[in-house]
Structure formats: structure tokens, C-alpha cells
Amino acid sequence: MNTLLASTSMVSDSMGPANMLLSNFVFPNDFHVHWSMMIVLYPYITGLVDGAFIIAALYYLFDVKSLRPVARFSLLFALAFLAIATLPLLLHLGRPERNLNMLLTPSPSSAMAGFGYIYAVSMGVLVFIILFVYRPVLVELRSTSKGWLQVLYRAITFDSIDLSDDALKLDAKIIRFLVAIGIPIAAILHGYVGFIFGGVKANPTWSTPLMPVIFLFSACVSGISAIILAYIIIRKFKARPIDNGCIITMIKTLTGFFILAFSFEMLEVFSHSYLKSGYHHMVEGLLNGVLANSFWFWQVKMGSVLPLLILGVMGIFKMRSYVYNFLAAGVSAILLIQVLIMRWNVVIGGQLMSKSARGYTEFHPLWFDKEGIIAVIIVMAIPFAILFVLGKIFPFWADE
Amino acid sequence: MKIKDPSPDMKKRSFLKNVLNGTIAGSLYLVYPMGAGSFETPEQIPGIRDKAYDIHAQEFTFIVDITRCIGCGSCCVADKREYNVPDGNYRTWVERYVKGFSDQIYVDCPNGGLDGYQTPRSDIKEEIRDTFFVPKLCNMCKEAPCVQVCPVGATFITPDGFVLVDEKRCVGCAYCIQACPYSVRFINPVTRVVEKCTWCYHRVRKGLLPACVEVCPTGARKFGSLKDETSEVYKILKGPGVLTVLRKEMGTWPALYYKGARMEVV
């Protein structure tokens with residue numbers, strides 16, 4: 001106890017009278033971390049969906065032509081992850097067999113009750129965008145395929161083979177419309193996840209209107225990074241050329257979103273520290289104590305400052321395309337991990353503070369548990385399997 | 001004059017007669033409806049029994065008098081027995097506060113206070129200025145964050161002032177646990193749904209006090225309806241004494257009040 005007291009008082013030396021509160025007392029019901037790794041994964045997955053969708057939206061709605069090589073793939077990538085977004089939630093529920101209660105009960109006061117509606121609309125819009133974007137390809141594939149694949153293509157083209165100019169123009173209008181409504185829907189899908197945390201006034205690190213904004217921008221960062229990394233890896237693996245213009249546009253977009261995301265993340269910490277509002281000592285104790293390593297070292301230094309430097313170098317200096325692509329893949333990989341660490345620090349970190357405002361609990365992930373490490377690996381592997389299957393039906397790349 | 005003893009036959013006859021009478025009377029006593037009141041605990045909350053319960057005619061309040069709590073843990077034991085609360089989870093608990101002359105506050109709550117605080121803390125080196133016990137339970141907030149966030153409407157507020165959980169509807173998402181500023185909720189590992197203190201609603205509806213109130217030897221826990229002007233809670237709440245609620249800044253408007261709570265109590 002004395003060592004614990006000593007460690008917390010070291011952390012809280014700069015906090016003045018607030019350190020008198022810290023004595024490592026945790027409310028007896030606060031030892032257990034209820035939202036564990038599956039709830040870390042859920043916003044991570046919806047974030048990947050959002051970011052991938054942004055890439056597609058830039059091409060289909062804002063006519064950023066250089067993104068053409070990855071636009072279609074981004075939609076499929078988003079679909080593969082959106083398809084399993086409910087899985088971690090299902091694994092997390094104490095009574096998963098009652099999940100329909102969650103999807104169907106109208107409870108206007110609860111942010112979480114919106115999940116079923118928001119998810120269903122997102123999924124519907126995304127599927128229709130994909131079907132319209134791919135329609136000419138699917139019609140063509142329908143004529144060349146045989147057996148069950150032909151039946152499938154017939155079904156997903158709604159048995160229409162009309163590829164006349166008028167029909168394609170109508171398709172283009174429908175795609176623009178769907179993508180236009182898809183952007184706010186994607187923003188709501190992920191912003192609402194941030195709001196679920198931001199709306200918990202009992203938790204001083206979560207309770208900030210910045211939370212949905214931070215979640216949204218970090219979502220864009222993770223999704224765009226994922227598309228860059230997947231594009232480079234898959235093209236390299238298949239020994240196909242990589243479109244440099246496309247990578248440059250994606251890196252520039254990524255840089256913009258990342259600067260915003262990182263600024264807001266730091267703004268939140270700075271605000272807590274400057275305002276010194278009630279319970280700020282708990283947040284400071286958390287970030288400088290229990291989370292010192294995973295927040296300051298991994299999330300901020302290695303996951304944010306380092307990629308900012310790399311992105312800066314990539315933006316300022318001219319370099320050969322293979323070096324640029326290598327750095328692009330590297331920085332994307334770092335940012336993918338950074339966003340995962342950030343989700344961890346928010347979701348798990350936030351729960352390490354006891355509401356006693358006097359101490360912190362601990363979290364040790366289990367390997368074999370329905371919310372354990374093995375389960376996390378399986379959940380994260382499934383979208384890649386889905387993507388593989390999708391790739392057999394919908395050709396990923398525009399040059400295929 | 002010496003009285004003659006009755007004959008052995010007479011003794012036997014009267015004995016059998018008595019046995020028979022006793023048997024018939026005993027059987028009748030078992031068969032005959034005795035009326036629910038014969039073995040029932042006397043009514044503890046007046047005006048509840050013997051009439052239809054008017055849920056809108058009651059406004060229940062709980063008051064914890066910190067100056068009276070001796071940290072015996074009887075309330076915790078009664079609660080655990082009443083609900084068979086799984087180990088490591090607490091519907092109610094008692095915290096021990098110790099304040100040193102340096103103003104440092106030391107709080108502990110081993111096993112939720114279930115074992116009672118029988119020995120003083122030995123790990124505090126400085127001179128102690130003050131020490132007291134703080135019983136904790138559901139605050140039955142009028143603006144309950146748990147009710148607001150429940151996505152399936154499983155947590156609700158009754159008109160008579162209770163925040164309850166419908167365990168058949170709860171999905172165990174734990175959002176209410178995050179939202180509760182008082183950490184009174186937990187996921188029951190057996191039922192896998194959320195559970196918390198109910199101020200013994202099932203007892204209250206039968207005119208009985210909550211289990212913890214009934215067993216408290218010092219009257220540190222008080223319970224009653226504000227609609228009953230003779231109740232102790234009414235008199236305390238309408239009287240001049242200073243009462244506080246926990247974490248007022250949360251805007252939850254608890255119906256649980258504390259008498260004598262120092263500012264250090266969170």
C-alpha cells in the first residue's frame with residue numbers, strides 16, 4: 001500500500017491539493033473493466049470502414065480522379081469490415097441471445113439504442129453503392145460466367161443488362177446521390193461511437209464534446225492508412241504496378257486528416273491540464289501513471305510524432321517512387337497501430353480510473369476468453385476472409 | 001382424610017382423551033386459515049399493507065447518517081444474504097475514511113466492509129485527525145444517467161422513486177455501469193445481466209424496511225416516504241440539519257442523502 005501511495009503521490013506532485021484525494025482507493029465494483037478488448041475493436045473496425053469510405057467518396061463525389069485505382073477496392077474493404085462490425089459487440093454482450101432487444105428497442109434517450117438503425121442504414125447504402133458502381137462490370141461478368149456464379153451475378157444486377165448511355169448516366173447520378181448521403185451516414189456511424197463515450201459524464205476522460213471529433217478524424221486516419229497499406233501489399237504480392245499518383249493523393253489526404261486527429265487528441269489533453277476542472281487529477285494521474293507508456297510513448301511519440309516527421313519528409317523532399325511507396329506503407333502501418341493504441345487508451349484507459357477519484361485499477365487481457373486475445377485475432381481475421389471472397393465476385397482494381 | 005387415587009383405568013382413559021383432544025385441536029390449528037398476520041413481521045413502513053398500493057402516493061427517500069455508522073458491516077451481510085450477491089460484487093458497501101493531520105485522506109473498503117472494521121489500519125504512519133465510515137448504496141437518482149443510457153429500456157424509474165432493472169430485458173452491455181457516477185452497478189456473473197441495490201423494493205411493497213436498514217444497530221440507515229409526515233426521513237429532510245448528496249456536480253439529483261458527510265467523501 002505504501003509503495004502504491006508513493007507512486008501515486010509522485011505522479012500527483014504537481015496537482016496541489018488534489019493529490020490528497022489519491023490514495024489508491026478503488027470502489028469495490030470498479031476493479032472489473034467491463035468494456036474490454038471487443039469494445040476497443042468495435043470503434044477500430046467502424047473507423048476503418050469510415051476511412052475507406054472517405055477514399056471512395058473523394059473519387060465518386062468529389063471527382064478526385066487520381067484515386068480511381070483504389071476507389072472500388074475501398075468500397076469492398078469498407079463492406080468487409082462493416083459486415084463484422086456487430087461481431088465484437090455480440091461477443092461483448094452479457095446476454096448475446098438478446099441482441100435483437102438492442103437492435104429493435106426504440107429508446108430515444110440512449111445514444112446506444114441508435115445502433116441498429118445507424119448500422120442498418122450504413123450497410124444498406126454501402127451495399128447499394130457497391131452494386132451500382134460495379135454494375136457494368138457485373139453485367140459483363142454475368143455474360144462470361146457459368147453455373148452458380150452466373151446466377152449470383154444475375155441476382156446482384158437485378159437481372160438487368162442495360163448498359164446504354166442513359167442507363168449509365170442514371171447509374172452515375174444514383175452513385176453520387178448515395179455517396180452524398182453516405183458521407184453523413186458514415187460520419188454518424190463513427191461519430192456516434194465517439195458520442196457514446198463522450199456522453200458518459202461519470203468518466204472524466206471520456207466526457208468531452210471533442211470525443212466524437214477525435215474518433216471521426218482518427219477513423220479517417222486508420223481507414224486511409226489501411227487502404228494505402230492494402231493497396232501496396234496486394235499489388236506487390238500480385239506483381240502489378242502501383243499507381244504513384246494515387247499513393248501521393250492518399251498520403252496527402254492522410255496527412256491532412258492525421259494533423260487534425262493528432263491536434264484534437266492533444267487539445268483534449270491540454271484542455272484537461274489547463275482547465276484543472278474537477279477530477280482532472282485523475283486524468284493526469286492516468287496519463288502520467290498507469291498509461292504513461294501506452295499513451296505518451298506509444299501513442300504520442302512513436303505513433304504520432306514519428307509518422308508526422310515521416311509524412312513531413314514525404315511532403316517536402318522529392319524521392320524515388322519506390323522509396324515513397326516504402327515510406328507510405330511504413331507510415332500507414334504505424335498509423336494503423338497508433339489508432340488501435342488510441343482506442344485502447346480511450347476505452348480501457350478510461351475505465352482504469354475508479355469513480356472514487358482516488359485510485360486506478362488494472363486490466364490484464366486474457367488469451368482464452370470470448371473477449372480475449374485469441375477472439376480478437378479471429379474477429380480481425382474474418383474481414384480479410386470476407387474480402388478474399390468478395391474479391392472473387394467483385395474485381396478489386398480498375399485495371400482488372 | 002386421605003384422597004383415594006383414581007384407578008389405573010381412569011388415568012389411562014383421561015390420558016387418551018387428552019391426546020385425542022390435542023390431536024384434533026392441533027389438526028384444526030393447522031387446517032384452519034390462521035390469517036396472514038399471525039407469524040408476519042409487523043408492518044415497518046406505515047400505510048402500505050391492507051390496501052391497494054398507490055405507486056403515485058409514495059416518495060421514498062434514504063438517509064445515511066455518517067455520524068452514527070460504526071462500520072460493523074451488518075448491513076452488508078444482510079444485503080448479501082437477501083440477494084445472494086456473488087463474491088466480489090457489492091450492492092452496498094461501507095468505506096472507511098481516515099484523515100491525517102497532513103490532510104491526506106486514506107480510504108479503504110476490504111471485502112466491501114462485509115467483515116466489519118474490527119481492527120484499525122496499521123499502515124498509516126502519520127497522526128490521525130479524524131476517521132469515519134461511509135455506507136454506499138444506490139443513489140436512486142431522479143435524473144438517472146443509467147436510465148438515460150440503457151439502450152433497451154431495461155433500467156427504469158418507478159413513480160415511487162426507485163431505479164430498477166428488468167433482468168429479463170437487460171442485454172448486459174454494461175453501458176449503465178459506465179454511466180453510473182457512484183459505481184453501484186455490476187454484471188452478475190451468474191445471470192450475466194446488470195444488478196444493483198434496489199432499496200429492497202420487494203420488501204418495501206410489503207411494508208418492510210430495506211434489509212440493511214432493518215439490521216443497522218445504530219440507526220445510521222434511515223428509510224421512509226416523504227409523503228408520510230410522521231416518518232423519520234420526513235422530519236430530517238424538512239428539518240434544519242445539513243444534508244448533502246454525493247457528486248452533486250453530476251446533476252443526478254439523488255434521493256439518497258447523507259447526514260454528516262465530510263467534504264472528502266466522494
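Atom set for the values below is all heavy atoms of this structure, side chains included, hydrogens, waters and symmetry mates excluded. All chains are named by letter (A, B, ...) in the order of the sequence lines, taking the proteins before the strands, and each is independently numbered beginning at 1.
The candidate with the highest count of non-hydrogen atom pairs below 4.5 Å against chain A, out of B:Ala174, B:Gly251, B:Cys173, is B:Cys173. Ranked by non-hydrogen atom pairs under 4.5 Å with chain A, the options B:Asn111, B:Val194, B:Val152 are led by B:Val152. Considering only heavy-atom pairs separated by less than 4.5 Å from chain B, the leading option among A:Ser107, A:Ser354, A:Gly199, A:Gly114 is A:Ser107. When B:Val171, B:Val149, B:Val147 are compared by the number of non-hydrogen pairs under 4.5 Å with chain A, B:Val171 comes out ahead. When each of B:Pro145, B:Cys180, B:Gly112 is scored by its heavy-atom pairs under 4.5 Å with chain A, the top score falls to B:Cys180. Looking only at heavy-atom pairs under 4.5 Å with chain A, the residue among B:Met250, B:Arg192, B:Gln178 that has the most is B:Gln178. The candidate from A:Leu89, A:Asn101, A:Ile39 with the greatest count of non-hydrogen atom pairs under 4.5 Å with chain B is A:Asn101. Each of B:Gly172, B:Ser183, B:Pro181 has some count of heavy-atom pairs under 4.5 Å with chain A, and the biggest count is that of B:Ser183. Across A:Met112, A:His92, A:Gln351, the residue that shares the most heavy-atom pairs under 4.5 angstrom with chain B is A:Met112.
A:Leu104 does not touch chain B: none of its heavy atoms, backbone or side chain, sits under 4.5 Å away. A:Asp30 touches chain B through its side chain: at least one heavy atom from C-beta onward sits under 4.5 Å away, while N, CA, C and O do not. Contact annotation for B:Lys99: neither backbone nor side-chain heavy atoms come within less than 4.5 Å of a heavy atom of chain A. Within the 4.5 angstrom heavy-atom criterion, atoms from both the backbone and the side chain of B:Cys109 approach chain A. Contacts of B:Arg185 with chain A are made by backbone atoms alone, with heavy-atom separations under 4.5 Å and no side-chain atom involved. The contact between B:Val184 and chain A is made entirely by backbone atoms, counting heavy-atom distances below 4.5 Å.
Within the 3.5 Å criterion, the main-chain N or O of A:Pro212 finds no donor-acceptor partner in the side chain of A:Tyr192.
Taken to the nearest 0.5 Å, the CG atom of A:Leu340 stands 10.5 Å off from the CD atom of A:Gln299. If you take CD1 on B:Ile105 and CZ on B:Arg262, they are separated by 10.0 Å, rounding to the nearest 0.5 Å.
The closest side-chain donor-acceptor pair between A:Thr105 and B:Arg169 falls under 3.5 angstrom. In the model, B:Tyr117 has no side-chain atom that pairs as donor or acceptor with a side-chain atom of B:Asp108 under 3.5 Å. Side-chain atoms of B:Asp123 and B:Tyr106 include no donor-acceptor pair closer than 3.5 Å. Side chain to side chain, A:Glu371 and A:Ser36 meet the donor-acceptor criterion of an N or O pair below 3.5 Å. For B:Tyr83 and B:Thr198, the side-chain atoms include at least one donor-acceptor pair closer than 3.5 Å.
Shown are A:Val376, A:Val379, A:Asp369; of these, the side-chain contact (heavy atoms from CB on, under 4.5 Å) with A:Met37 is made only by A:Val376.
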Query raised in the report: Do B:Phe223 and B:Phe60 pass the ring pair (Phe, Tyr, Trp, His ring centres under 6.0 Å) test, and can you show the C-alpha distance, the side-chain angles, and the key distance before you say yes or no?
Result: CA-CA 7 Å; B:Phe223 179 83; B:Phe60 286 103; 5.2 Å; yes
